[in-house]
Structure formats: C-alpha cells, structure tokens
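Small disclaimer: the values here were computed from a predicted structure and weren't measured.
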Amino acid sequence: MKEATESLNFIEHIIEEDLANGFPKDKLCFRFPPEPNGYLHIGHAASICLNFGLGEKYGAPVNLRFDDTNPAKEEQEYVDAIKRDIAWLGFKWANECYSSDYFQQLHDWAVLLIKQGKAYVDQQSSEQIAEQKGTPTSPGTPSPFRDRSVAENLDLFERMKNGEFAPGTYLLRAKIDMASPNMHMRDPILYRIIHAHHHRTGDTWNIYPMYDWAHGESDYLEQVSHSICTLEFKAHRELYDWYLDQIIDPSLLRPKQREFARRNLSFTVMSKRKLLELVQKKVVTGWDDPRMPTISGLRRRGYTPGSIRNFSEVAGISRRENVTDVSLLEFCVREDLNQSATRVMAVLNPIKVVLQNYPAGQTEILHLENNPEKTDAGTHEVPFSRELYIEREDFKEEADSNFFRLALGQEVRLKSAYIIKAEAVVKDAAGNLLEIHCSYDADSRSGSGTEASQRKVKSTIHWVSVAHAIQAEVREYDRLFLDESPDTHESKSYMDFINPNSLKVIKNAYLEPHLGKASPNESYQFQRLGYFTLDSDSHAGGLVFNKTVGLKDTWAKQNAATANKQQTVAKPVAQVPQEAKSALNEIQYLGKKLTNLSGDKLEEALQDIRVQAENVTYEELEPLFGTAAKKVGTRLAVLVALGALIAKGLPKNTAIQTYIDSCLADESALLQEEAGKIS
RNA sequence: UGACUGAUGGUGUAACUGGCAACACGUCUGAUUUUGGUUCAGAAGAGUCUAGGUUCGAGCCCUAGUCGGUCAACCA
C-alpha cells in the first residue's frame with residue numbers, strides 16, 4: 001500500500017478550515033443546481049464530480065436541484081436527461097429538489113421585503129431600466145417609481161401575481177443602491193411577469209423569480225452549507241448575501257457561495273447556448289452526437305462513467321482560466337478501456353489476401369485472447385480460411401527499413417493464426433491493387449508449440465476471414481473544431497472554425513463474426529485500431545460502430561514527424577541575442593543564490609558566472625549596477641561578470657568605477673574582496 | 001478613467017504556519033511484447049508575469065506595475 005498524502009483543492013481547504021473553526025461536520029450539505037434548459041456537458045461533470053465528490057468525502061448529502069425559474073426555456077425533457085446523465089455517472093442525490101417548490105415561500109418573502117420598504121414595483125420599459133442602470137464605470141439613476149408607497153407596491157405586486165398585467169409591463173425590484181460599483185446591486189429585479197406554462201407548476205404563477213432571488217434562498221431552505229458555482233457568479237455573491245441577510249434566521253445555517261473556474265476543453269465549445277446552436281444548425285445530429293462534449297454524446301461515443309470521473313479528478317479545479325487538453329480526456333478512456341475492452345479483429349480499409357497453399361473450402365476455428373490484461377478473461381473463436389481481408393495500410397510492395405508489416409518477400413504473423421509471406425500481387429488494368437497472393441507456414445499456428453510457431457517475425461497484423469466476416473458501418477470522429485479554443489477569438493466566431501471532416505463514415509468495414517453478438521453497453525478494442533462501441537443507430541442486420549478513441553499510435557506519429565521535417569526548412573530565430581539574454585538571466589539567478597553558498601559551491605557558482613559573462617555585453621550588464629544594496633548576491637554576480645569583461649579588455653568608465661567603489665564600501669566582505677581584485 | 005478576480009514546465013493541477021518547486025498528461029530514449037497497444041526503466045522541459053522591498057532564506061509576505069478574465073439579459 002502506498003501512502004498517498006492527497007493534496008486538497010481550494011474548496012476542500014475552505015471546508016477544512018470551516019471544520020477547524022467549529023463548523024459541525026454533520027451540517028455539511030452540497031447541491032448541484034442545473035437549469036433544465038439543455039443537456040449536461042463535460043464542464044458540468046466537473047461541478048457534478050466536485051459536489052458529489054465532496055458529499056462522498058465528508059459523508060454529506062448532495063441535493064440535485066433544478067433551477068427552474070424560467071418556464072420560457074425549461075422543459076421536462078431536460079430534467080429527465082439530466083437525471084439520466086448524473087445517474088449514469090454513478091452519483092446518487094440525497095433529494096430531488098426544484099426551485100419551483102419554493103415559489104410560494106419566495107413570494108411571501110418578497111411581500112415581506114415590500115413591507116419593509118426594500119422592494120418596489122417598477123413599470124418602465126426594459127430600455128428605460130437599462131438606461132438608468134448606468135455602466136460599470138458610471139453610477140445609475142433611480143427609477144421614478146422607486147418611492148412608491150408600500151400599499152401601492154403591495155397592490156401592484158398582488159395584481160402582477162394574479163395575472164392582471166401583460167409581460168414586460170411591471171417588475172418587482174429590490175431597493176438597494178443605484179450607485180453601487182457592483183452592477184448587480186443596482187436595484188436588481190426580483191420578479192418578472194411571464195405567461196408561460198411551467199413544466200411543473202403549470203399555470204399557477206404569472207410571476208417568476210429571477211436567479212439571484214431564487215438561488216441563495218433555495219440554498220438556505222435546503223440548508224446547503226457550501227454553494228459552489230462557477231466564477232462568473234463571483235459578482236453575484238454580494239447580492240446573494242444581501243438577499244440572505246433579509247430573511248435569515250440566525251439559528252439556522254447560513255449558506256455560503258464559493259466560486260471555481262469552469263472547465264474548458266480544447267477543440268470544443270462548452271456553453272449550452274453554443275452547443276444548442278450546433279444542434280439547431282445541424283452541424284451535429286443532436287445533443288448526443290458522439291462529437292459533442294455532452295455527457296450523452298460522450299456516452300454514445302463509448303466513454304465510460306469511470307473515465308469521465310477520473311478525468312475530473314485528474315484535471316482538478318482551481319480559480320484560474322484554463323483550457324484542458326483533450327488528450328487528457330482521451331488518456332482517461334484508454335486507461336479505463338484497456339482494462340475492460342474485449343479484443344476483437346476488424347478491418348476498416350480492406351484488401352484481399354489469398355493464401356495460395358491453403359486448401360480452398362477449408363475453415364479452421366482459432367482462438368483469440370479476449371483481454372491480455374486479464375488472464376482469466378478467456379478466449380473466443382475466430383474462423384480462418386484461404387481468403388482474408390487485411391488493412392491496406394498493412395501492405396506495401398516494397399518496404400523501407402522501418403516498415404515492419406507485410407511486403408513482397410516479407411513475413412508477418414496473422415494475429416493468433418499463421419505466419420504468411422507475400423509472394424505476388426494482382427492488379428487491374430489501371431494498376432490498382434486487387435489482391436495479394438501469399439503463402440502460409442502451416443507449422444506456425446499460434447499456440448501450437450511447434451518450433452515454427454515460436455519464430456519471431458517483425459510484426460503481427462490483424463485480419464478477418466472473407467467468407468465469415470460481418471459487414472458493418474463504422475463511424476470515426478475527429479475534433480469538432482479546428483482551433484484549440486474556438487470561442488476566444490475576437491474577430492471570429494467559433495462557427496468559423498468548424499472542422500468539415502469531423503465525421504468519417506466507413507460503410508463496408510469487415511468484422512469478425514464474434515461481433516454479431518456485440519452488446520450496446522460494451523466496449524471493444526478493434527485490435528491495433530482503437531476502442532469501438534455499438535451505436536444506437538444499429539439494427540438487426542445493420543451494425544453501426546462508433547470509434548471512441550484510437551490506440552496510441554507511435555508509428556503514425558513517426559511518419560508525421562518525418563514528413564514534417566522534410567517540409568520545415570530552418571528556424572528563423574535569431575539565436576545570438578537569445579543566448580546573451582539567457583546568459584544574463586543565468587547570472588542573475590546564480591547571483592540570487594550566492595549568499596546561501598560557501599566554500600567549493602560558492603567558488604563553483606562564481607566560476608559559472610565568469611563563464612556566462614562570456615556571452616554578456618556591457619550594455620546588458622550596466623542596468624544591473626542599480627541593484628539595491630541589500631541584494632548582495634546579485635551585486636556580487638554583476639561584479640564578477642564585470643570583472644570578467646574587464647579582464648577581456650573592457651575600458652573602465654565612470655559608471656563602472658562608481659559601481660566598483662560602491663562595492664568596496666559595502667559591508668559584505670565578499671563584495672569588498674571581489675571589488676578589490678578589479679579596482 | 002471603475003469594481004472584482006487571476007497569473008507556477010507545452011497542458012492541467014500541487015507545494016500545510018516562508019525552507020532543495022511536486023504529480024499527471026504530453027514529448028523523447030531504451031527494454032519487454034504474437035496489438036508500432038499495454039507494461040517497465042529512464043530523460044528533457046518551469047527558478048513560479050515584471051521591478052523593487054522584508055528575510056539567513058520568498059512561488060508563498062509587502063509596494064508598484066504588466067498581462068488575462070468577469071461585470072451594464074424582464075437568462076441561469
């Protein structure tokens with residue numbers, strides 16, 4: 001067992017501190033509060049894993065709360081999808097809550113605010129209100145309706161609630177501070193009139209609370225201890241606290257909001273609005289398109305819950321902007337699938353191989369290991385015959401020294417079968433390769449134990465028997481966008497970066513017959529190709545597989561690298577100044593440490609400085625003469641470097657002499673000594 | 001010309017009250033391998049945005065700057 005001193009993230013530090021300050025552990029409570037207006041994505045997974053992870057870590061309840069305060073946007077469909085996704089990730093919520101459950105309480109508290117003179121009904125247009133709001137750099141001006149009487153406010157609010165007014169005509173606003181530097185404090189809206197059918201409360205309400213009014217109070221009603229949200233809500237915190245102040249019962253727990261940075265993934269976008277646009281403009285086939293960063297998309301693509309949870313764990317959280325490389329996510333699935341995926345053989349780009357010395361009409365049943373990572377995973381049967389398919393990429397008529405696969409006159413092993421040698425090719429009139437004629441070594445069958453079966457050949461390739469293969473459709477996916485962070489460009493929209501080739505459909509891939517029994521919940525490793533899973537478009541007689549992720553392919557990388565090398569000419573970088581700059585940096589760095597050194601180490605460092613001084617000019621060094629007297633180390637380093645330059649023939653000017661004199665006068669014996677050497 | 005917030009290898013995160021900047025991905029070697037996968041062994045890569053200051057000692061504390069993000073929806 002290894003002793004892992006696990007490091008805490010900053011939220012955990014906050015909780016630990018609260019606990020240390022006497023906050024009772026059994027009062028800890030968290031929540032995940034999605035708005036049911038879209039599907040969950042990998043960014044939400046960060047929040048889900050954080051909140052539910054905290055719940056697991058501290059044995060605290062975690063509520064799933066649907067923030068359903070805007071019936072114009074929300075639908076039951078989304079509620080269901082969100083629940084499905086969270087459950088699929090493997091988390092259990094303590095309570096299923098809805099902001100709409102608190103509509104009555106929220107309304108009553110609003111009435112209380114009115115009675116206290118802290119809220120008023122406004123009846124201006126949204127343009128007028130926006131106008132009065134001011135800007136971040138200039139204060140707002142009060143609404144002319146700000147000082148309505150309590151009685152009138154009460155009456156108007158009641159009539160808003162009863163549906164007497166049209167949407168947009170009246171609003172309930174909190175009376176806070178129109179000059180606050182925080183825009184959210186400039187008389188924020190509590191309620192607006194919406195005449196829409198709510199997916200849960202139906203037509204009961206004509207007024208709906210805004211996010212700010214509903215969120216903190218909901219946290220309070222559920223007695224959530226730590227309300228964790230993303231950074232863009234940071235500015236809302238002041239309002240969150242103000243609202244709480246109005247209604248809080250000091251004997252109850254007061255929730256606190258803390259913010260973390262949302263997770264961005266490279267080569268994709270991560271906001272519901274943008275993902276929705278991809279769906280609506282049919283860039284993708286739906287929210288669960290396997291190219292989407294949604295949980296449902298990743299699921300359909302073949303990602304496992306474990307891989308996503310692990311990704312969230314490994315990527316961590318913090319408070320700074322980030323773009324996490326997709327390669328980390330891909331690593332996480334590979335790591336997971338490598339342990340669990342059944343190995344099978346499939347040929348995506350087939351070329352026919354005919355074994356000239358293998359009896360026509362004969363079929364052999366061979367055995368393929370299910371999973372080399374698990375010795376007890378067993379084997380499955382795979383038929384072998386005279387005519388086979390192999391990948392086109394696995395054959396070259398003439399091989400160069402680093403091509404290990406099949407070539408004329410060259411041997412390879414067919415995985416779990418025989419060693420074959422390419423003897424001849426058959427081409428059509430246009431010179432296109434039609435089939436490869438090979439001979440097979442009948443004694444070389446895998447596992448037969450014969451001497452021939454033990455022979456080492458340069459490589460092993462996968463294959464399927466032509467007569468037994470299942471034809472299927474295979475979909476390969478590439479990144480959805482061509483830019484690493486498509487939505488961070490000022491002059492261009494993320495839609496400009498869409499990768500036109502993000503989907504590649506292979507209509508006639510050939511699979512080994514074992515895949516006829518493929519289960520939609522299982523992942524397979526198509527040997528040497530990657531991980532694949534059955535798509536929901538599959539039907540009897542028409543299998544469709546999605547490529548989840550490829551295997552690490554050092555061969556492809558090698559090829560790409562050599563191809564690139566041939567294209568790139570030379571580095572246009574001016575190297576001399578760069579070296580000189582780093583030499584100066586090096587001297588400064590060495591200097592910083594000097595005062596901590598003594599004896600041989602000091603001497604060594606001084607020598608290093610003299611060496612570095614070779615690459616430094618006087619012009620670069622001079623600015624450092626101004627180094628504070630306190631920084632003895634740096635001054636010493638500068639002095640030594642200067643000494644080296646003087647030794648090379650640099651004439652002493654007044655600046656140099658002044659510097660040397662100041663060193664001679666310094667308290668430091670070392671500095672005096674070195675200065676003495678060159679004065 | 002505002003308020004708030006952040007800055008640590010290519011990327012993402014660590015570094016408890018100041019004490020040799022760590023882990024993972026990625027990259028590169030080598031070994032093993034009937035998957036150019038896996039596994040194993042190793043390497044390179046940051047002196048912590050800049051300039052000062054405090055300190056025996058600063059990624060961490062102080063000062064001033066620089067650069068990035070957020071904030072003016074009857075969205076959340």
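Listed nucleotides B:C28, B:C25, B:U35 differ in distance to A:S327; the shortest reach to its side chain belongs to B:C25. Of the candidate nucleotides B:G37, B:U34, B:C75, B:G37 has the atom lying nearest to any side-chain atom of A:E373. The listed nucleotides are B:U34, B:C74, B:U27; the one nearest the side chain of A:T460 is B:U34. Here B:A15 is the nucleotide among B:U11, B:A15, B:G37 with the atom lying nearest to any side-chain atom of A:H13. Distances from the side chain of A:H184 to the nucleotides B:U38, B:G26, B:C71 place B:C71 closest. Counting only heavy atoms from C-beta on, A:Y211 has its side chain closest to B:A76 among B:A76, B:G36, B:C4. For A:L551, whose side chain is taken as the heavy atoms from C-beta onward, the closest listed nucleotide among B:A72, B:U27, B:U35 is B:U35. In the set B:G26, B:U35, B:U5, B:U5 carries the atom at the smallest distance from any side-chain atom of A:K234. Among the nucleotides B:A14, B:A76, B:G12, the one closest to any side-chain atom of A:N70 is B:A76. Considering only side-chain atoms of A:S318, the nucleotide from B:C25, B:A14, B:G37 that sits closest is B:A14.
Note on A:A235: nothing from the nucleic acid sits closer than 4.0 angstrom, heavy atoms only. No engagement by A:R237 is indicated, since no non-hydrogen atom pair under 4.0 Å with the nucleic acid exists. In this structure, A:P167 reaches neither bases nor backbone, as no heavy-atom distance under 4.0 Å exists between it and the strands shown. Within 4.0 Å of A:G447, counting heavy atoms only, lies at least one base atom of the nucleic acid. A:F311 comes within 4.0 angstrom of nothing in the nucleic acid, heavy atoms only. Residue-level contact check: A:F233 touches the bases, meaning some heavy atom is under 4.0 Å from a base atom. A:K415 comes within 4.0 angstrom of a base, heavy atoms only. Among the protein residues, A:I317 comes within range of the sugar-phosphate backbone only, with heavy atoms under 4.0 Å from sugar or phosphate atoms but none that close to a base. Within the nucleic acid shown, A:K272 has no heavy atom closer than 4.0 Å to any nucleic acid atom. A:L231 comes within 4.0 angstrom of nothing in the nucleic acid, heavy atoms only. Using a 4.0 Å heavy-atom criterion, one finds that A:E321 contacts the sugar-phosphate atoms exclusively. Heavy atoms of A:E35 sit under 4.0 angstrom from primed sugar atoms or phosphate atoms, though from no base atom. Within 4.0 Å of A:D212, counting heavy atoms only, lies no atom of the nucleic acid at all. Using a 4.0 Å heavy-atom criterion, one finds that A:S416 contacts the bases of the nucleic acid, with or without backbone contacts as well.
A:L366 has its CG atom 18 Å from the P atom of B:U34, to the nearest Å. Taking atom CZ of residue A:R262 and atom P of nucleotide B:U13, one finds them 14 Å apart after rounding to whole Å. As rounded to whole Å, 10 Å separates atom C1' of B:C4 from atom CD of A:E259. Protein atom CD of A:E131 is 14 Å distant from nucleotide atom P of B:C74, rounded to whole Å.
A side-chain N or O of A:N349 and one of A:E393 form a donor-acceptor pair less than 3.5 Å apart. For A:H41 and A:R263, the side-chain atoms include no donor-acceptor pair closer than 3.5 Å. A donor-acceptor contact closer than 3.5 angstrom links the side chains of A:Q257 and A:E259. For the residue pair A:T450 / A:D443, no side-chain donor-acceptor distance below 3.5 Å is found, with atom types taken as modelled.
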Start with the C-alpha gap between A:F260 and A:F10, add the side-chain angles, then the distance that decides, and say whether ring-ring contact (aromatic ring centres under 6.0 Å, His included) holds. CA-CA 9 Å; A:F260 70 100; A:F10 80 98; 7.5 Å; no

A:R528 and A:E391: salt bridge (Lys or Arg N to Asp or Glu O under 4.0 Å), yes or no, with the steps? CA-CA 11 Å; A:R528 302 209 301 137; A:E391 300 287 347; over 6 Å; no

Apply side-chain contact (heavy atoms from CB on, under 4.5 Å) to residues A:K133 and A:D187 and explain how you reach the verdict. CA-CA 8 Å; A:K133 197 134 195 179; A:D187 287 10; over 6 Å; no

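Contact annotation: A:R343 does not reach the phosphate of B:U34 (side-chain N/O to OP1 or OP2, under 4.0 Å). In this model, the phosphate group of B:G2 is not approached by any side-chain N or O of A:T135 to a distance below 4.0 Å at OP1 or OP2. A close approach under 4.0 Å does occur between a side-chain nitrogen or oxygen of A:R192 and OP1 or OP2 of B:C75. In this structure, A:N182 does not reach the B:C71 phosphate: none of its side-chain N or O atoms is under 4.0 Å from OP1 or OP2. The phosphate of B:G37 has OP1 or OP2 within less than 4.0 Å of a side-chain N or O from A:T554.
Taking atom C1' on both B:C60 and B:C16, the two are 12 Å apart, rounded to the nearest angstrom. Only the P atoms considered, B:A24 is 45 Å distant from B:U1, to the nearest whole Å. Distance check on atom P: B:U5 versus B:A21 gives 30 Å, rounded to whole Å. When the C1' atom is used for both B:A58 and B:C49, the distance is 16 Å, rounded to whole Å. Across B:U66 and B:A51, the matching P atoms stand 15 Å from one another, rounded to whole Å.
Taking 3.5 Å as the limit, the base of B:U34 and the side chain of A:E369 contain no donor-acceptor pair of atoms between them. The base of B:G36 lies close enough to the side chain of A:R405 for a donor and an acceptor atom to sit less than 3.5 Å apart. Judged by distance alone, with hydrogens and angles left aside, A:E313 brings no side-chain donor or acceptor close enough to the base of B:G12 to form a pair under 3.5 Å. For B:U8, the base has a donor-acceptor partner in the side chain of A:R320 [N/O atoms by modelled type, under 3.5 angstrom]. In terms of polar N and O atoms assigned as donor or acceptor, the side chain of A:R528 never comes within less than 3.5 Å of the base of B:U35 in a complementary pairing.
Pairing of B:A22, defined by two Watson-Crick or G-U wobble distances under 3.5 Å, is identified with B:U13. Shown here, B:A73 forms no base pair; nothing in the strands shown gives a Watson-Crick or G-U wobble contact with both key distances under 3.5 Å. Pair check for B:U29 finds B:A41; Watson-Crick or G-U wobble, both atom distances under 3.5 Å. B:U34 is unpaired under the criterion used here, namely a Watson-Crick or G-U wobble arrangement in which both key atom distances are under 3.5 Å.
A:R200 forms a cation-pi arrangement with A:Y98, by the criterion of a distance under 6.0 Å to the ring centre and an angle within 45° of the ring axis. With a 6.0 Å cutoff to the six-membered ring centre and a 45° limit on the axis angle, A:K458 does not count as a cation-pi contact of A:F404.
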